[in-house]
Asker: 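This is the structure I have questions about; it appears just below.
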Amino acid sequence: MVLLNLGLTMKSGQTPEFLWNCEEGRFSRLIGGRLCEIWHDGELKFTHGFESRVMELLRKDDDLERIYKRINTDGLMGEAIKNYRGLRITKSDPWETTLSFICSINNNIKRIRKNVQSLTVNGAVMTPEEILNTDISFARLGFRQKFLKKTAEMIIGGHSISEVNKMKYEEAVEHLTKLHGIGDKVANCVLLFGYGFLESFPIDTWIRKIMTENYFDCKKTSDRKIREFAQERWGKYAGYANQYLFCYSRGL
DNA sequence: TCCCAGGTGTCGA
DNA sequence: TCGACACATGGG
């Protein structure tokens with residue numbers, strides 16, 4: 001892994017932004033009760049003993065130059081790649097990602113982080129069992145609380161999410177969206193940031209805006225058409241294209 | 001005060 | 001299949 005913009009990667013609305021703390025360019029969180037730090041000082045550095053975790057988190061095997069070559073299909077994407085060079089898709093724990101993106105529903109990033117952090121104990125997000133058996137109203141999730149509780153209940157009840165990584169993308173979307181409170185958008189975020197399905201293409205307000213303004217005539221283009229277009233155009237790296245467009249659309 | 005946020009479920013046409 | 005609406009909360 002050579003190409004990395006650590007700050008941008010960790011603070012671009014992906015799962016790590018909700019769970020890692022940042023001080024002067026150093027990112028930290030508790031993992032298994034131990035403090036893990038990641039920083040960039042000429043090269044990538046991290047706390048001894050966390051190499052495999054950090055490499056997985058930052059998807060060290062993704063060859064960005066090769067991915068750029070594949071997704072650089074037009075002027076807009078070219079500019080996004082130029083602006084956000086070194087932005088990587090991250091890979092976090094599936095349940096952490098599921099909980100985070102349920103909290104993200106009709107919410108802003110600052111408050112998502114507050115919500116998620118309030119659901120952590122010693123740096124780890126509460127398990128489905130803990131979510132189900134605890135009064136979590138202190139987290140002030142609003143209407144998302146019942147989504148999270150219900151999803152936790154369904155997972156415990158047998159709608160397992162541990163086999164999703166063995167499924168094909170379409171099957172995985174179908175499986176996740178059966179969970180109460182997980183719709184098309186959240187499922188695609190969970191698949192992208194929690195399971196590593198790089199063909200995922202989450203469509204939120206920012207993506208909808210930039211896609212309809214640049215690739216369609218009609219602002220009311222359906223999400224289904226937008227996703228079909230994106231996956232046709234950017235193929236197995238549609239998720240990378242999505243993340244670059246997301247940053248561009250938000251003006252990060 | 002108002003608008004909006006990395007949306008989803010529900011209902012009626 | 002699609003549009004309208006409710007849903008909690010708080011940042012800007």
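Per chain, numbering begins at 1; letters A, B, ... match sequence-line order.
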Asker: Would you check if the side chain of A:Glu130 reaches a backbone N or O of A:Thr127 as a donor-acceptor pair within less than 3.5 Å?
Answerer: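 Yes, the answer is positive, given that a donor and an acceptor are paired below the 3.5 Å cut-off.
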Asker: What's the CG-P distance between A:Leu141 and C:dG10, to the nearest Å?
Answerer: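 Distance, rounded to whole Å: 11 Å.
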Asker: With a 4.0 Å cut-off on heavy atoms, is A:Phe18 in touch with a base, just the backbone sugar-phosphate, or nothing at all?
Answerer: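 No contact.
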Asker: Examine C:dG10: is either OP1 or OP2 under 4.0 Å from a nitrogen or oxygen in the side chain of A:Arg140? Give yes or no.
Answerer: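 Result: yes.
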Asker: Need one value for A:Gln243: base, sugar-phosphate or nothing, where a base atom within 4.0 Å counts as base even if backbone is also close, heavy atoms only.
Answerer: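 Since a base atom lies under 4.0 Å of A:Gln243, the category is base.
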Asker: Measure CG/A:Asn108 against P/C:dA8 and give the value in whole Å, please.
Answerer: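 After rounding, the reported distance stands at 18 Å.
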Asker: Could you state the atom-to-atom distance from CG of A:Leu148 to C1' of C:dT9 in whole Å?
Answerer: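 About 16 Å, once rounded to whole Å.
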Asker: Remember a base hit wins even if backbone is also touched, and classify A:Ser100 as base, sugar-phosphate or nothing at under 4.0 Å, heavy atoms.
Answerer: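 Since no nucleic acid heavy atom lies under 4.0 Å of A:Ser100, the category is nothing.
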Asker: Grab the CD1-C1' distance between A:Ile210 and B:dG6 for me, whole Å please.
Answerer: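 Answer to the nearest Å: 14 Å.
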Asker: Across the strands shown, which category fits A:Asn115 at heavy-atom distances under 4.0 angstrom: base, sugar-phosphate, nothing?
Answerer: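 A:Asn115: no heavy atom of the nucleic acid under 4.0 Å.
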Asker: Using a heavy-atom cut-off of 4.0 Å across all strands, would you classify A:Asn242 as base, sugar-phosphate, or nothing?
Answerer: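 If one applies the 4.0 Å heavy-atom cut-off, A:Asn242 turns out to touch a base.
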Asker: Quick one: A:Lys146 NZ to B:dG9 C1', roughly how many Å, whole number?
Answerer: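 My rounded result for the distance is 8 Å.
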Asker: Going by an N to O cut-off under 4.0 Å, is there a salt bridge joining A:Arg26 and A:Glu37?
Answerer: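 A salt bridge is present here (some side-chain N lies under 4.0 Å from a carboxylate O).
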Asker: Figure out the CZ/P separation between A:Arg113 and C:dG11, and round it to whole Å.
Answerer: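 In whole Å, C:dG11 P and A:Arg113 CZ are 14 Å from each other.
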Asker: Go nucleotide by nucleotide along DNA chain C from the 5' end; which of A:Lys110 and A:Asn107 gets its closest nucleotide reached first?
Answerer: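 So the residue in question is A:Asn107.
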Asker: Same cluster for A:Phe18 and A:Val121 if Ile/Leu/Val/Met/Phe/Trp/Tyr side chains link at under 4.5 Å?
Answerer: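 Yes, it is one cluster - the side chains of A:Phe18 and A:Val121 are joined through contacts under 4.5 Å.
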Asker: Quantified in whole Å, what is the P atom distance between nucleotide C:dC5 and nucleotide B:dC3?
Answerer: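 Straight-line distance between the two P atoms is 15 Å.
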Asker: When all nucleic acid strands are considered with a 4.0 Å heavy-atom cut-off, which category describes A:Ile182: base, sugar-phosphate, or nothing?
Answerer: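 If one applies the 4.0 Å heavy-atom cut-off, A:Ile182 turns out to touch the sugar-phosphate alone, with no base involved.
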Asker: Could you give the CD1-to-C1' distance, from A:Ile89 to B:dG6, as a whole number of Å?
Answerer: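 That distance rounds to 12 Å.
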Asker: Could you tell me whether A:Phe193 and A:Phe101 have their ring centroids closer than 6.0 angstrom?
Answerer: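 For A:Phe193 and A:Phe101, the ring centres are under 6.0 Å apart.
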Asker: Would you state whether a donor and an acceptor, one from the side chain of A:Asn106 and one from the base of C:dA8, lie under 3.5 Å apart?
Answerer: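 Between C:dA8 and A:Asn106, which were checked side chain against base, a qualifying N/O pair under 3.5 Å is present.
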Asker: What contact category does A:Ile102 fall into here, base, sugar-phosphate, or nothing, at under 4.0 angstrom with non-hydrogen atoms?
Answerer: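 The answer is nothing, as A:Ile102 stays clear of every strand by at least 4.0 Å.
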Asker: Mapping A:Thr177 and A:Asp204 to their closest nucleotides on DNA chain B, which lands nearer the 5' end?
Answerer: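 Per heavy-atom nearest nucleotide, the more 5' residue is A:Asp204.
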Asker: Could you measure between the two C1' atoms, the one in C:dA6 and the one in B:dC4, and give it in whole Å?
Answerer: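 So the two C1' atoms sit 16 Å from each other.
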Asker: Just by distance, with hydrogens left out, do A:Arg88 and A:Thr9 show a side-chain donor and acceptor under 3.5 Å apart?
Answerer: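 Checked: A:Arg88/A:Thr9 side chains show no N/O donor-acceptor pair below 3.5 Å.
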Asker: Using atom P of each nucleotide, how far apart are B:dC11 and C:dA8 to the nearest Å?
Answerer: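 That atom pair is separated by 15 Å.
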Asker: Of the nucleotides B:dG6, B:dT10, C:dA8, which one has an atom closest to the side chain of A:Ile207?
Answerer: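 The answer is B:dG6.
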Asker: Please determine, for the side chain of A:His180, which listed nucleotide (C:dG10, B:dT10, B:dT8) has the closest atom?
Answerer: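 Among C:dG10, B:dT10, B:dT8, the one nearest the side chain of A:His180 is B:dT10.
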Asker: When you check the phosphate oxygens OP1 and OP2 of C:dG11, does a side-chain N or O of A:Lys114 lie under 4.0 Å from one of them?
Answerer: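 So the side-chain polar atoms of A:Lys114 do come within 4.0 Å of the phosphate oxygens OP1 or OP2 of C:dG11, strictly under.
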Asker: For A:Phe143 and C:dA6, say yes or no: do the ring centres fall under 5.5 Å of each other while the ring planes differ by less than 30°?
Answerer: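 Here A:Phe143 fails the 5.5 Å or the 30° condition.
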Asker: Whole Å only: how far is the NZ atom of A:Lys149 from the C1' atom of B:dT8?
Answerer: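 Computing the A:Lys149:NZ to B:dT8:C1' distance gives 19 Å.
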Asker: Using atom C1' in both nucleotides, what's the gap between C:dC7 and B:dA5 to the nearest angstrom?
Answerer: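 14 Å, rounded to whole Å.
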Asker: Just checking A:Gly181: base, sugar-phosphate only, or nothing, at a heavy-atom cut-off of under 4.0 Å?
Answerer: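 Sugar-phosphate, no base atom in range.
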Asker: Please determine whether any donor N or O and acceptor N or O are separated by less than 3.5 Å between the side chain of A:Asn188 and the base of B:dG6.
Answerer: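 Answer no: no donor N or O sits under 3.5 Å from an acceptor.
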Asker: Ignoring hydrogens and geometry beyond distance, is a side-chain donor-acceptor pair present between A:Thr97 and A:Ser92 at under 3.5 Å?
Answerer: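 Not at all, the side chains of A:Thr97 and A:Ser92 share no donor-acceptor pair under 3.5 Å.
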Asker: Would you call A:Asp223 and A:Arg208 a salt bridge, using N to O less than 4.0 angstrom?
Answerer: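 Here A:Asp223 pairs with A:Arg208 in a salt bridge, since their nearest N and O are under 4.0 Å apart.
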